[in-house]
Amino acid sequence: MSHAIANARTMLRRQYKHDLRYPAGTVSALIMPLVFLLLFTYVFGGQMGMGLPSGAGYIDYIVPGIVFMCISGGVSQAALGAAMDMTEGIIARFRTMPISRGAVLTAHAVANVIRGLGSVAIIIGVSLLMGFEPEAGFVDWIAFVGVVVLYALMISWLGVAFGLSARNVEGANAKTLPLVFLPFISSAFVPPESTAAGVQWFIEYQPFTAMIETIRGLLLGTPIGSNLIVSALWAIGFTLIGYVWALRLYHRDR
């Protein structure tokens, strides 16, 4: 057990050295949610906020959705990192070394979770300056961090699996596009009831909506209902799928 943890820590340091050497991906992952926050708040907010209850501020409604985009956007970076390791032969070299089988992949996933938490912290800080007024208490903030970590683990392991399954880096990026764009067809930017009937049905039952509504409830004190349990089940299920799939792909050429 201690050997596996030591291997994972070594691989995690490798990930951060790689991020420092090639910072473009990390910077992009941090900047894009901020761009969306500014764009939807100051450019589209007047029209898109018309479907909200009277007196509700659009900045308060949109922040939980942008927070989730910080998480879901990390799937591309996780996939690209794993794809580069697989296609450039580094993983083949690691297989010949006495390294814990999951250390390399765990480092990719954990590094992506930490990047996601950093992006979320920046968004929360900027949104407070823009007038965001959360109603969360201490316990709510702790629960908020917990669900963010859970959702980020889900996205990270799916991203690692997508990257390992791709034939090249470009293919890895293409495979992540559904997860990147799915938050746009959710309750992130407008209430589901303000959309067309067919779209409303899809928004209400797709997994990301339950996750966003859980974040919204924890930050704003709105009713969470069954969203916490539903989103946790989705997240745990997808995390296990991504983890098992990634491990199998890691050894596929043996």
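What you are looking at is a predicted structure, and each value in this text was computed from that prediction instead of being measured.
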Check whether any side-chain heavy atom of [X] lies under 4.5 Å from a side-chain heavy atom of [Y], and answer yes or no.
{"X": "Leu182", "Y": "Ser72", "answer": "no"}
{"X": "Tyr243", "Y": "Leu247", "answer": "yes"}
{"X": "Asn227", "Y": "Ile212", "answer": "no"}
{"X": "Ile185", "Y": "Phe181", "answer": "no"}
{"X": "Leu128", "Y": "Pro134", "answer": "yes"}
{"X": "Asn112", "Y": "Val75", "answer": "no"}
{"X": "Met130", "Y": "Tyr42", "answer": "yes"}

Kindly give the heavy-atom pair with the smallest separation between [X] and [Y], and that separation in Å.
{"X": "Ala172", "Y": "Ala166", "answer": "N-CB, 3.4 Å"}
{"X": "Pro192", "Y": "Glu204", "answer": "CB-CG, 4.0 Å"}
{"X": "Pro183", "Y": "Leu179", "answer": "CD-O, 3.2 Å"}
{"X": "Ser186", "Y": "Gln206", "answer": "CB-NE2, 3.2 Å"}

Worksheet item: Using the benzene-type ring in the case of Trp, are the ring centres of Phe208 and Trp234 under 6.0 Å apart?
Response: no
Worksheet item: Quick one: are the ring centres of Phe36 and Phe184 less than 6.0 Å apart?
Response: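 Judged by ring-centre distance (under 6.0 Å), Phe36 and Phe184 do meet the cut-off.
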Starting at [atom1] of [X], measure out to [atom2] of [Y] and round the result to the nearest 0.5 Å.
{"X": "Arg167", "Y": "Met86", "atom1": "CZ", "atom2": "CE", "result": "12.5 Å"}
{"X": "Ile224", "Y": "Ile215", "atom1": "CD1", "atom2": "CD1", "result": "10.5 Å"}
{"X": "Ile203", "Y": "Glu193", "atom1": "CD1", "atom2": "CD", "result": "9.5 Å"}

Fill in: Criterion ring-ring contact (aromatic ring centres under 6.0 Å, His included) against Trp245, the qualifying member of Trp157, Phe162, Phe238
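Of the listed residues Trp157, Phe162, Phe238, the ring-ring contact (aromatic ring centres under 6.0 Å, His included) partner of Trp245 is Phe162.
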Fill in: Check against side-chain contact (heavy atoms from CB on, under 4.5 Å), Ser127 and Ile66
CA-CA 10 Å; Ser127 64; Ile66 298 295; over 6 Å; no
Worksheet entry | Residue pairs passing the ring pair (Phe, Tyr, Trp, His ring centres under 6.0 Å) test where at least one lies in residues 104-142, sequence neighbours excluded | Trp141-Phe144
Item to complete: Using the six-membered ring wherever Trp is involved, compare the ring planes of Tyr61 and Tyr58 and label them parallel, tilted or perpendicular (cut-offs 30° and 60°).
Response: parallel
Worksheet item: Does CG belonging to Leu177 count more than 12 external heavy atoms closer than 6.0 Å?
Response: yes
Worksheet entry | Residues which pass side chain to side chain donor-acceptor pair (under 3.5 Å) with Glu133, listed by chain and number, not counting sequence neighbours | none
